[in-house]
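Presented below is the structure to which this report refers.
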Amino acid sequence: MILNMEFNLRKGDFSRLGAVKGRTGANFCIECRKESDCKILLYKRNQSKKPTELSVSPEFSKGNLRAVQADGLNLEEYDYNFWIDGEIIADPYAKRIVGRDTWADKNRSADEILRCRCEENHFSWRGDCEVDIPRKDMVLYKLHVRGFTMGLPEKTPDRGTFLGLTRKLPYLKSLGITSIELMPVYEFEELVFQEAEELPKYIKWHSKKKDRIQKPKATRLHKINYWGYGEGMYFAPKAGYAASQTPDIELKKCILQMHKKGIECILEMDFPDTVPLDRIFAVLRYWVREYHVDGFHLQGNQIPMQYLLKDAYLGRTKFFYKNLSQGMVPEEEDKYPRAFLDTDEFLYPCRKLASGIDGSVWQIADQMKKQNTKLGYINYIADHNGFTLKDLFAYESKHNEANGENNTDGMVWNYSINCGVEGETTSRNVYKLRDRRMKNAVAMLFLSQGVPMIMSGDEDNNSQNGNNNAYCQDNPIGWKDWSGSRQSKDFLKYMKQMIAFRRDHAILRMEKPMALADTLACGYPDLSYHGEDAWIVPGFSNWKSVGILYCGKYADENEDIYVGFNFSDFPKKLAVPQLKEDRCWYLSMDTALKNAFLPELEELHEDWYTLEAQSVCIIIGKMKAGKNESVAAFKNDTAP
């Protein structure tokens with residue numbers, strides 16, 4: 001035992017890293033080599049005095065860990081940091097970081113020392129339950145906690161916080177969302193300080209006393225790390241996202257309300273190569289245990305997915321990752337598929353066709369039927385990185401000047417089109433063209449077998465003014481627009497209808513891959529393709545139109561779904577196969593129509609349907625209605 005002026009120090013517990021409160025003191029377990037000098041810096045809370053230093057003897061080592069028990073230390077009175085070989089280090093296992101309580105506080109110095117706090121606020125999860133949304137039923141919505149509500153009127157309380165997100169959960173529920181993906185909500189440094197360049201680097205300033213003009217002092221500028229990617233303090237929720245002084249409680253309340261509404265919480269976690277693998281496991285288990293998180297979208301190149309999927313504690317946790325293969329997924333996962341390949345391989349075929357830049361219907365048809373018993377697929381048209389759905393058809397080129405990098409940042413190839421005018425326009429004709437292309441893209445997304453993901457704001461015409469890399473835009477460019485124009489409300493209604501249509505037709509979201517064969521001996525395969533003649537399609541790779549028939553019997557449904565695509569510049573006749581018994585084809589939706597979805601189903605009297613250029617239709621095969629019966633069409637009762 002080593003005596004200190006205030007505390008008695010002895011060898012501590014190595015089983016829990018970081019700081020842990022005890023009844024008679026506190027235990028610290030630090031990652032530190034035995035040869036290093038190590039201290040604990042204790043800061044009296046709410047005081048700016050020099051910290052008390054506790055030297056941690058190499059005698060308290062085991063492997064590359066050093067653990068010390070400080071008897072008599074009340075951690076409710078102190079914040080702390082570690083000091084190793086002359087460098088002040090924040091505890092990577094800290095549950096709270098002090099110093100970033102206010103988002104992007106410009107008064108905070110670039111070299112200000114942040115402090116760690118051992119804080120354990122009691123929270124009751126009473127009434128919580130596991131949501132367990134089946135893969136086939138998932139509709140994913142990705143959002144930035146701050147950006148999701150900062151675009152609301154300034155008088156709106158709690159904008160940009162966990163509490164603000166909680167207040168908007170009814171909106172997401174009414175949209176039909178089952179799973180919310182949150183961009184990083186752990187502690188990260190949002191202020192990126194930079195030295196201002198007073199002169200070009202090739203010019204040297206030689207000052208003389210007699211000079212009337214002196215070299216100006218260098219000033220420090222800052223950018224905002226708005227998205228939050230990169231290594232962070234993974235165990236601490238982002239204090240700048242909290243409306244209260246207890247960010248952990250506020251976030252837990254938000255997740256609890258998600259669960260009560262039947263919505264899953266998926267967290268994005270970015271783990272650079274410098275993060276140890278054992279810490280990755282500890283972080284994920286911690287968020288599942290303490291925050292009841294339902295899944296993770298993992299970023300990084302060294303994620304040990306084959307081991308994470310075998311971790312017993314994480315056995316019901318969903319994982320999204322870009323480098324997944326079927327061989328990584330254990331056989332027993334067939335019973336509850338929870339591994340998802342999250343890439344942009346759906347995005348590009350969809351964008352090519354929707355924008356009219358190259359593309360083939362066979363590429364998108366292949367993406368639409370993509371399914372696997374073990375491995376799920378996340379499909380999306382737009383993500384945080386790239387154009388929004390609206391900008392995809394309003395800008396031909398990126399406009400990232402506001403980022404301060406001379407428009408050299410961001411993706412060059414977006415497969416975007418401006419429909420004749422770059423940016424905003426008052427032309428009704430241009431708006432109609434853009435609206436139809438947006439609806440076509442959304443139809444491709446929700447009529448596909450994989451899990452659809454909506455980027456926040458794409459449901460109601462959100463724009464970033466052509467910025468396709470808004471990583472530093474903590475302003476209306478990066479915020480969701482809640483202004484609610486008539487056009488945005490109309491598009492929101494269409495989005496709700498498309499989500500509900502997918503929900504009401506299980507054949508559009510089958511768990512098993514389509515066989516493209518009549519395995520039920522019912523006269524129709526589960527999935528078939530049609531051209532100007534039924535059952536016959538051209539084999540050209542650049543073909544732009546096709547009819548896709550989903551036979552409802554393979555999902556124990558009474559309705560067949562025929563989807564027509566025409567991405568050519570001319571109207572096309574698509575044949576519909578003859579139906580058996582007293583069944584007829586009825587038009588349900590056509591993006592060439594003003595409101596797309598018809599108020600009532602319209603019976604087709606021909607064995608073909610003429611589809612306008614650049615449009616998508618949905619035709620339903622069902623029992624024929626009686627003479628005086630009106631066939632009620634699909635309607636959405638949840639008007640925006």
Side-chain angles (χ1 to χ4, degrees), residues 15-18 20 29 31 90-97 120 123 125 128 130-133 135 138 140 142 145 162 179-188 227-238 241 247-248 251-252 254-256 258-259 263-325 328-330 332-333 336-342 374-376 378:
S15 64
R16 292 181 62 182
L17 279 79
V20 180
C29 186
E31 294 180 357
D91 177 10
Y93 291 84
K95 308 302 187 297
R96 175 74 188 275
I97 300 298
E120 298 178 3
F123 179 77
W125 285 96
D128 190 31
E130 293 185 0
V131 182
D132 271 354
I133 304 293
R135 183 178 72 181
M138 289 173 62
L140 191 60
K142 182 174 177 178
V145 167
F162 298 126
S179 311
I180 297 175
E181 179 176 331
L182 302 180
M183 292 171 68
V185 295
Y186 49 81
E187 270 294 350
F188 59 86
W227 288 343
Y229 295 107
E231 188 169 353
M233 307 300 291
Y234 296 108
F235 292 85
K238 182 68 180 161
Y241 287 169
D248 56 337
L251 179 53
K252 288 176 181 179
C254 183
I255 296 174
L256 178 60
M258 288 184 198
H259 289 174
I263 298 175
E264 295 176 314
C265 180
I266 311 294
L267 296 188
E268 270 199 288
M269 288 281 179
D270 187 12
F271 295 114
D273 296 350
T274 54
V275 180
L277 296 184
D278 59 342
R279 192 180 302 166
I280 293 176
F281 275 84
V283 167
L284 301 182
R285 290 172 184 151
Y286 174 77
W287 282 92
V288 170
R289 182 179 70 248
E290 298 296 327
Y291 287 83
H292 293 203
V293 167
D294 304 286
F296 300 97
H297 180 184
L298 301 178
Q299 306 277 1
N301 299 317
Q302 304 290 338
I303 308 298
M305 288 306 306
Q306 61 269 39
Y307 299 109
L308 285 173
L309 289 170
K310 294 177 181 178
D311 187 282
Y313 191 80
L314 302 174
R316 301 293 289 185
T317 303
K318 293 178 178 177
F319 288 104
F320 306 165
Y321 188 51
K322 63 180 179 179
N323 295 326
L324 267 176
S325 64
M328 294 180 181
V329 185
E332 54 270 22
E333 294 298 320
Y336 182 69
R338 60 191 180 91
F340 297 85
L341 185 65
D342 195 312
K374 288 185 178 181
L375 198 60
I378 305 297

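In this text the structure is predicted, and so the values were computed from the model without any measurement. In this chain, residues are counted from 1 in sequence order. Just the heavy atoms: all of them, side chains too, but no hydrogens, waters or symmetry mates, feed the values below.
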Side-chain heavy atoms of [X] within contact of [Y], under 4.5 Å:
{"X": "M183", "Y": "Y229", "value": "yes"}
{"X": "D91", "Y": "F235", "value": "no"}
{"X": "P237", "Y": "Y291", "value": "yes"}
{"X": "I263", "Y": "V131", "value": "no"}
{"X": "Y186", "Y": "V283", "value": "no"}
{"X": "L375", "Y": "M328", "value": "no"}
{"X": "V288", "Y": "F296", "value": "yes"}
{"X": "D132", "Y": "R316", "value": "yes"}

Between [X] (side chain only) and [Y] (backbone N and O only), is there a donor and an acceptor less than 3.5 Å apart?
{"X": "D294", "Y": "C265", "value": "yes"}
{"X": "Y321", "Y": "G300", "value": "yes"}
{"X": "K318", "Y": "I133", "value": "yes"}
{"X": "R338", "Y": "T317", "value": "yes"}

Evaluate side-chain contact (heavy atoms from CB on, under 4.5 Å) for E120 paired with K95, printing each intermediate quantity in order.
CA-CA 8 Å; E120 298 178 3; K95 308 302 187 297; 5.9 Å; no

Report the C-alpha separation of M138 and F340 in whole Å, then their side-chain angles, then the decisive distance to 0.1 Å, and conclude whether the side-chain contact (heavy atoms from CB on, under 4.5 Å) test is met.
CA-CA 12 Å; M138 289 173 62; F340 297 85; 3.7 Å; yes

In sequence, state the C-alpha distance, the side-chain angles, and the governing distance for E290 and F123, and then conclude on side-chain contact (heavy atoms from CB on, under 4.5 Å).
CA-CA 10 Å; E290 298 296 327; F123 179 77; over 6 Å; no

Can you establish whether the number of heavy atoms outside E130 located under 6.0 Å from its atom CD is more than 12?
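No - once you tally the heavy atoms of other residues, nucleotides and ligands closer than 6.0 Å, there are 12 at most.
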
With a 6.0 Å cut-off (strictly less than), is the heavy-atom count around OH of Y307, excluding the residue itself, greater than 12?
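Open.
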
Please report the shortest heavy-atom distance between [X] and [Y], naming the atom on each side.
{"X": "P304", "Y": "F281", "answer": "CG-CE1, 3.8 Å"}
{"X": "R135", "Y": "P337", "answer": "NH1-CB, 3.5 Å"}
{"X": "P272", "Y": "G230", "answer": "CG-C, 4.2 Å"}
{"X": "P92", "Y": "M233", "answer": "CA-CE, 3.8 Å"}

Listed by chain and number, what are the side-chain contact (heavy atoms from CB on, under 4.5 Å) partners of D273, not counting sequence neighbours?
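By the side-chain contact (heavy atoms from CB on, under 4.5 Å) rule, D273 matches N301, Q302.
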
Listed partners of H292 passing ring-ring contact (aromatic ring centres under 6.0 Å, His included), at least two apart
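With neighbours one apart ignored, the set is W125.
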
Please determine whether a side-chain nitrogen of the Lys or Arg among D248 and R96 lies less than 4.0 Å from a carboxylate oxygen of the Asp or Glu.
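Salt bridge: no.
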
With side chain to side chain contact (heavy atoms under 4.5 Å, CB included) as the test, pick out the partner of L298 among D342, L324, D270, L308.
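Among the candidates, only L308 passes.
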
Between F162 and Y241, what is the ring plane arrangement, given parallel below 30°, perpendicular above 60°, and tilted in between?
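Perpendicular, since the angle between the ring planes exceeds 60°.
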
Euclidean distance, D311 CG relative to R285 CZ, rounded to 0.5 Å
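One gets 4.0 Å once the value is rounded to the nearest 0.5 Å.
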
F271/Y234 under ring-ring contact (aromatic ring centres under 6.0 Å, His included): CA gap, chis, key distance, verdict
CA-CA 9 Å; F271 295 114; Y234 296 108; 4.8 Å; yes

